[in-house]
Amino acid sequence: MSTDAAKAPMSAADSDRKLGFYLTLPAQILVLFIALFPLLMQLYISLTDWSPLTGRGWWDAWAFWNTFGNYVELTVDARWWGALWRTVLVMLICVPAEFLLGLALATLFIDNFRGKRVFYSIILMPMMVVPAVAGYMFFMLFQSGGPINNIASALSGQNVAIAWLSNPNLAFVAVVVADIWQWTPLMFLILLAGLVGVPDDQLKAATLLGANWWQRFTTIMLPRMKGIIVIAVAIRLIENFKIFDTLYIMTAGGPGVATETISVYIYKLTTNDLAWGYVAAIALVILISLSIVLGIAISRQARAGEGAA
Amino acid sequence: MAAIEFRSVSKRFGKTMAVDDVSFRIEDGEFFCFFGPPLSGKSTILRLILGLERPDAGEILFDGRPVTEVGPAERNVAMVFQNLALFPHLTARGNVEFPLRERKVDAATMARRVAEVAEKLHIGHILNKLPAHLSGGERQRVAIARALVRDPVAYLMDDPISALDARLREETRVELKRIQTELGRTLIYVTHDQEEAMSIADRMAVLEAGRIRQIGTPTDVYDRPESDYVARLLGSPMINILEAVGEGPQVRLAGGAIALDGAAVPAGTVRVGVRPENLALREGSDATVYEVEPLGSFTVVTLTAGDERLRALLRGQPQVVPDSRVGLHVDPAKLHFFAEDGRRVAASAA
Amino acid sequence: MSSIHLKALTKSFGNFEAIKQMDLMVRDGEFLALLGPSGCGKSTTMNIIAGMEAPSTGRVFFDERDVSDVPMTRRGVGFVFQNYAIFTHMNVRANLAYGLRMRGVGPAEIDRRVAAIAEFLQLTPFLDQPSAKLSVNILQRLAIGRSAIVEPAIFLLDEPLSNVDAAFRAVMRTELKHLQRQFKQTMVYVTHDQLEAMTMADRIAVMDHGVLQQVGTPLEVYNNPANIFVARFIGSPGMNLVPATLVERDGALLADLGAAGASRPLEAGLAAAARAAGAREVWFGFRPEGVNLAADGQGLAVTITFLERIGSRTIVHFDAAGTAGKAVFENDVPLAAGTVAQLVPADALVRLFDRQSGLAIGGA
């Protein structure tokens, strides 16, 4: 009695997988519901001119159908473009700064030194502060009579009373400083993990071949960290794009719209103007653009990852 | 106690046939070794015996009963892993007891089984120690004891000693053989080290890419390899496989460095195998000495003749000078003849 | 090429003495094997030569230069790691060129030298392939090439064949030895495998627990081990050592092995050395080969415990009055496990060691 090759029995591993699928099916359905349903709802609303001011529920939004009217309006919304531009500017300054600072700090932590654990905890602290609290903290720091000006006065001998948060450009600087303070530790953590993952004997081999510290850094450590760097930068770019809590508490997007980023603009549209249909359209546009960018970055990384070991 | 049998078993992973139409029968109490280069299917066969994989075709029988549908836990086959996988937080006793505890065996029986097994493996005096405090050899015996305590049908080892120092490997394999002989339990062993396989196995199966090329005692497989593949795998230094040129009265090997009487070479021979210990050096100019490796009790001489590299194994410490010319001599009775397809051609009764 | 001189070297890690006292001379152009079991200090010694570790005391000389304070980057030492440490994110060419790039050699010169060494090591077809997924065979040659291209005075190899499977290992050993002989490169090779050391080295330095046991050519170390550690460690299998008492009988000196019987009279030279040293309690040593089977009554009485047939020869395990030993015979030896046999070691191959100190009595 031999088994027919055509109906080969399932191996233990295969039947495990099937069981696993069925066991997690309820959770899969739930997650799908939680993720998919709001998305579809959003899509629906974005094609209408609905707002809660109309007095009807969201399911009646069809009554205010304007197809792609919101999307068209977006293309000529100057305030939107301004917010987008400011957001991009924030990203272009914050993320590279956080990256370089994080990398520099990480290189200091490769080897052991006395008090390493203590410094480690100190460096990580900013990340653990609630963003809103950080916002309030910097709000106070940057006051005309606040600590930053006081220290500057003490150091320069003159009376420094810069009105940081009332000056459009300086407010922008303050917001950037706050973000860098808060999120450099994250870059530090991720990049440190990457650095530590560089095989020690390859570094030794390089040293024996005559490479000094900088040469080892550029020819061995950085190339081997490509994957991690891409991930770290992608994560921060996406998060930074959405910058809100800290910034809003510090400046509420002001003075005027000097520090109004996309998230702030959306927040105002939602709570002040209640133009929810429009907001839904904006949110969808952002979602799609970010997904495309992230998708490209990750697939490039996946392909590059095949080569390096 | 059971004979383990495979009948035309095949297993495929994706596009590769990891195990290809394999049949064998391991008798009860045998020390059976699966030998072959990496990725030849040895570990897959172990997994099929254990029940961790199901064959795509063929049958697996224990004592004549098909076990293809029987899960790993019910097959009662125990595995000793290469890294031993001892539970570090349990004492040696705790480790050995573990399989019985799992099956909720009562305390009295458990103590008795543990004592029996501990006595057989001479670990009674270390039962209360933690693995971290045991030597490598002691840990290995605890791992074997744990495998034995369930009174398995057979126990399996997948390349358990390759990670050890050379000296320790030699000692440990003798130890493993001694334990198996004393216990009389079927031991199925996987290795890619030919000296190890030949030293410990009662019988061995030589594998190539998922197929069994030969099964036999180590002596069978070494003295009468059924193919040049098997001949190459066994023996150190490696056998010299030389193209046979010419027919009729004289057959020449290695660009003429060795001449054989044509009558002694059976028809269909394309290649001739000369084991290094059957290649002797004498005065002459057949070959050039490439390297001399003095190993104390014997000397390995690597020679170049024609386009070929040959190796000779000489007893003791003869004087051989690198880059000198020497003559070669082979014992015609000790040659191996192979056909075009690699199969052995029986020596003609001349 | 340089010679290497280690003077009065010690190295401790905290309380652990990795190297207790070492004076070692490696000659210019010599292939020296540092041989010993795990933890004997051989890798530490090599790291000190390379500059990866600093000794606790002692100095390191290359030729006449004291390099003890010269940092790793500038010692001009080629190093092949156990797992090769290939820069897997670069291709083969970039790996080979690395050392030259670090020295600021011009691109044209780099290309020329890379091509030359690739040709020599038969790496040319792989030059533009990524180095990550190549076979061990190629990786080894690449590791050697990468170090050799900067023409170091000294080459250090840390157990480079331990990751290679047994069949290949023999072939690679022959190749390495041949390479070294051609280039007369000063090489220090660390291994725990005595067969490997015997195969390749011009001289072997045997170490145990941080102490040099003996330094000599393979045959010197094999034929005249300085102490029982070397006697047991070298040889496949190692030397048999049976506790014995020296007795005078009929004007000749022989060894009484207790229940196993007495040996034949010791050779004149050995007997003279033993008498001069006043030796009585000894280890009676004889190598597993060169042992003959004797007729009843003669030779050492042993019980055969186990026969190990490995291809071209058979190793017979025996018990001589409580001491385990091995003898190597041809495959047709008429012995069986469980029986008793009489063994006669060849006179010229007998060695004696003092039971207290373990040191050899007399030299040959």
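In this text the structure is predicted, and so the values were computed from the model without any measurement. Sequence lines set the chain letters: A, B, ... in the order given, protein chains first and strands last, and positions in each chain run from 1.
- With chain C as partner, the option from B:T181, B:D193, B:V221, B:D223 having the largest number of non-hydrogen pairs under 4.5 angstrom is B:D223.
- Contact count against chain C (heavy-atom pairs under 4.5 Å) is highest for B:R315 among B:R315, B:R275, B:Q194, B:E170.
- A distance of 5.5 Å separates CZ in B:F298 from OG in C:S236, rounded to the nearest 0.5 Å.
- When heavy atoms are compared at a cutoff of 4.5 Å, B:L234 does not approach chain C at all.
- Using a 4.5 Å cut-off between heavy atoms, B:S199 touches chain C through backbone and side chain atoms alike.
- With a 4.5 angstrom heavy-atom cutoff, B:R178 does not touch chain C via any of its atoms.
- The OG1 atom of B:T299 lies 7.0 Å from the CG atom of C:L219; values are rounded to the nearest 0.5 Å.
- The part of C:E175 that comes within reach of chain B is its side chain, from C-beta onward, which places non-hydrogen atoms under 4.5 angstrom from that chain.
- Contacts between C:P237 and chain B at a heavy-atom distance below 4.5 Å involve the backbone alone (N, CA, C, O).
- Per-residue counts of heavy-atom pairs under 4.5 Å with chain C were compared for B:L233, B:T219, B:V300; the largest is that of B:T219.
- The contact between B:L313 and chain C is made entirely by side chain atoms (from C-beta outward), counting heavy-atom distances below 4.5 Å.
- Proximity to chain B (any heavy atom under 4.5 Å) is shown, for C:R309, by both the backbone and the side chain.
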B:Y290 vs C:T174, side-chain contact (heavy atoms from CB on, under 4.5 Å): CA-CA, chis, key distance, verdict: CA-CA 9 Å; B:Y290 180 73; C:T174 314; 4.2 Å; yes
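- In this structure, no portion of B:R232 lies under 4.5 Å from any heavy atom of chain C.
- Ranked by heavy-atom pairs shorter than 4.5 Å toward chain C, the options B:E291, B:E277, B:M198 are led by B:E291.
- No part of C:T314 comes within reach of chain B, as not one of its non-hydrogen atoms sits under 4.5 angstrom from that chain.
- In this structure, chain B has a heavy atom under 4.5 Å from the side chain of C:Q194, while its backbone stays farther away.
- The candidate with the highest count of non-hydrogen atom pairs below 4.5 Å against chain B, out of C:R173, C:M198, C:E196, C:R232, is C:M198.
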